[in-house]
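So the structure is just underneath, and the comments pick up after that.
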Number of protein chains: 2
Amino acid sequence: MEDEAPAERPLTRIQQKNRQTILAAALEVFSQHGFRGATLDQIAEVAGLSKPNLLYYFPSKEAIHVELLSTLMDTWLDPLRALDPEGDPVEEILDYVRRKLELSRDYPRESRLFANEILQGAPRVSEVLEVELKSLVDEKAAVLSHWARAGRIADLPPHHLIFSIWALTQHYADFDVQVRAVLGPGHDPYAEADGFLDTLFRKLLAP
Amino acid sequence: MEDEAPAERPLTRIQQKNRQTILAAALEVFSQHGFRGATLDQIAEVAGLSKPNLLYYFPSKEAIHVELLSTLMDTWLDPLRALDPEGDPVEEILDYVRRKLELSRDYPRESRLFANEILQGAPRVSEVLEVELKSLVDEKAAVLSHWARAGRIADLPPHHLIFSIWALTQHYADFDVQVRAVLGPGHDPYAEADGFLDTLFRKLLAP
DNA sequence: CCTGTTCTCGACCGTTTGGTCAAACGGCAT
DNA sequence: ATGCCGTTTGACCAAACGGTCGAGAACAGG
């Protein structure tokens, strides 16, 4: 028996640059049209490369999508990881809300890519949801419960409290066109949302 | 000049039944895979009809999708239309939340179909959003403002208050797999959400 | 029963899709 | 120059796609 994995060579500069270019283009196209709605030709055009060249750097369309999703999941969960059990309960939660809203504002394509995946039943990330995400949420839910029992925040079902943060912040990225259509011109949805969500969660969390 | 519209004949029973069958199958497939991800063969198979038969009842794939969306938009806005300016403010809003959550629970596929459309930039309903939806929301936002000025509910930006209702209720339908993955087995997401959202909005709306 | 209309579908068509391949290109150490 | 290796692409392929067509089956009304 010999080594199955044949000594991965380090990536050249060209490889690093082109892989990044391709992933950026793929994010643009996948987030707008979904996995099946996106075509390699589209991605290739946005990336400024030929289609066979994409497939020189990635083995398949799906591989590009998976790569995007897996790197996404990490940065997506970071704000929740940062919720500090030792900090001030209300401020910790409000910080989390703020970070989540910033993520929606600064990375709306990532948010929509994720939303697309979940909408279709999460065929490629259901494992991550059931294991990594669940255990992280359970851990932080325990913190919230602890704070509630100590009377430092209102007594609310912790999982649903977290869902409400996800729903309220991601809504501004995922339903961007609807939000802007309803508000009309001359509004900054994210600036307004920032104040609104601050008020909302302060009132909600008050014991 | 003669009549452009050539005397629409009434639909036969077979036409009514088959059109309904097709729309039901299309809803199933479109809501799961999105417009471009869905294929006529899939819809035909779910409907138990042949592909040419679908195109006997609808001129194209897009026509089926448009039909679904337009009938959807009506039922989707009904709960908001029903918000009564003469009723008790908090109870009216809580009724709206409840109706919206019921819609998510009983018609999750419709919710996901709509979410899919908005995610892709609402190419087929942007007009409806900017005109019908906007004017309806503006009208009801005025009611909320009035209630706030009268000190009957908390003073909150009315548009964002409505957004928060949409976000919180639709989240349970659109992100169903994520909610269930995080909660684990043995939970009834909608039952729990019902109580949680009741608490949330009562605290939020208290002046 | 016959006759005209409605309905159904196998076979087919042109296009688009994800993916392959061999040939060519480019920089660079010898 | 030469040979080498990472890179790039035009040409191509099989499968899947939305949609068409014509011929036959089912259903009316008389």
Side-chain angles (χ1 to χ4, degrees), chain A residues 6-69 113 116-117 120 123-124, chain B residues 6-69 113 116-117 120 123-124:
Chain A
E8 287 191 15
R9 324 173 126 272
L11 299 179
T12 67
R13 285 151 223 102
I14 296 181
Q15 279 170 347
Q16 281 185 18
K17 189 186 61 124
N18 280 350
R19 282 180 61 95
Q20 279 314 110
T21 306
I22 291 168
L23 288 174
L27 173 61
E28 181 72 31
V29 178
F30 279 140
S31 66
Q32 200 167 77
H33 303 288
F35 178 72
R36 294 211 41 191
T39 73
L40 285 177
D41 294 271
Q42 267 180 292
I43 299 173
E45 199 191 328
V46 173
L49 299 172
S50 67
K51 184 171 63 170
N53 211 3
L54 295 199
L55 295 161
Y56 172 75
Y57 289 102
F58 291 91
S60 68
K61 180 187 179 184
E62 177 142 358
I64 303 177
H65 194 239
V66 168
E67 174 91 15
L68 275 177
L69 277 178
L113 183 78
N116 248 308
E117 179 68 11
Q120 335 253 299
R124 287 163 244 271
Chain B
E8 285 190 18
R9 324 175 124 270
L11 299 179
T12 67
R13 285 154 223 100
I14 296 181
Q15 279 171 348
Q16 282 185 19
K17 189 185 62 120
N18 279 351
R19 283 180 61 96
Q20 279 314 110
T21 307
I22 291 168
L23 288 173
L27 173 62
E28 181 73 32
V29 179
F30 279 138
S31 66
Q32 200 168 77
H33 302 288
F35 178 72
R36 292 212 43 191
T39 72
L40 285 177
D41 293 272
Q42 267 179 293
I43 299 173
E45 199 191 328
V46 173
L49 299 170
S50 68
K51 184 170 64 171
N53 212 2
L54 295 199
L55 295 161
Y56 173 76
Y57 290 102
F58 292 91
S60 68
K61 181 188 180 184
E62 177 141 359
I64 302 177
H65 193 241
V66 167
E67 174 92 15
L68 275 177
L69 277 178
L113 183 77
N116 247 308
E117 179 69 12
Q120 333 254 302
R124 286 163 244 272

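Here is the naming used below: chain letters follow the sequence lines, and residue numbers restart at 1 for every chain. Being a predicted model, the structure only gives us computed values, none of them experimental.
Annotation for B:H65 and B:L113: closest pair NE2-CD1, 4.0 Å, computed over non-hydrogen atoms. What you find for A:Y57 and A:R19 is that their closest heavy atoms are O-NH1, 3.3 Å. Between A:A44 and A:S50 the shortest heavy-atom distance is CB-C, 4.0 Å. Residues A:I43 and A:I22 come closest through the heavy atom pair CG2-O, 4.2 Å. In terms of heavy-atom proximity, A:L68 sits nearest to A:L23 at CD2-O, 3.7 Å.
Under a cutoff of 6.0 Å and an axis angle of 45°, A:K51 and A:Y56 do not form a cation-pi pair. Cation-pi check for B:R36 over B:F30 is not met; the charged atom does not lie both under 6.0 angstrom from the ring centroid and within 45 degrees of its normal.
Between A:F58 atom CZ and D:dT7 atom P the separation is 13 Å, expressed in whole Å. The OH-P distance, from B:Y56 to D:dG24, rounds to 18 Å in whole Å. Residue B:N53 contributes atom CG, which lies 14 Å from atom C1' of D:dT20 at whole-angstrom precision. Per the geometry, CG belonging to B:L55 stands 12 Å off P belonging to D:dC21, to the nearest Å. Rounded to whole angstrom, the span from the CG atom of A:N18 across to the C1' atom of D:dT7 amounts to 9 Å. As rounded to whole Å, 15 Å separates atom C1' of C:dC7 from atom CZ of B:R19. Atom P of nucleotide C:dC7 and atom CG of B:L54 are separated by 15 Å, given to the nearest angstrom.
Backbone-only engagement by B:Y57 is indicated by non-hydrogen atom pairs under 4.0 Å involving sugar-phosphate atoms exclusively.
How far CG of B:L27 is from CG of B:L69: 10.0 Å, rounded to the nearest 0.5 Å.
For DNA chain C, the neighbouring residues in residues 59-68 of chain A, judged by any heavy atom under 4.0 Å, are A:S60, A:K61. Within residues 26-50 of chain A, the residues approaching DNA chain D are A:R36, A:S50, by heavy-atom distance under 4.0 Å.
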For this session: Could you give me the CA-CA distance, side-chain angles and deciding distance for B:I64 and B:E67, then say whether side chain to side chain contact (heavy atoms under 4.5 Å, CB included) is met?
Result: CA-CA 5 Å; B:I64 302 177; B:E67 174 92 15; 5.8 Å; no
Exercise. Can you check side chain to side chain contact (heavy atoms under 4.5 Å, CB included) on A:V29 and A:E45, steps first, answer last?
Worked result: CA-CA 10 Å; A:V29 178; A:E45 199 191 328; over 6 Å; no
Report each atom pair, protein N/O against N/O of nucleotides 22-27 of chain C, whose distance is under 3.5 angstrom.
none

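Checked by atom type and distance alone, the side chain of B:Q42 pairs as donor or acceptor with a backbone atom of B:T39 at under 3.5 Å.
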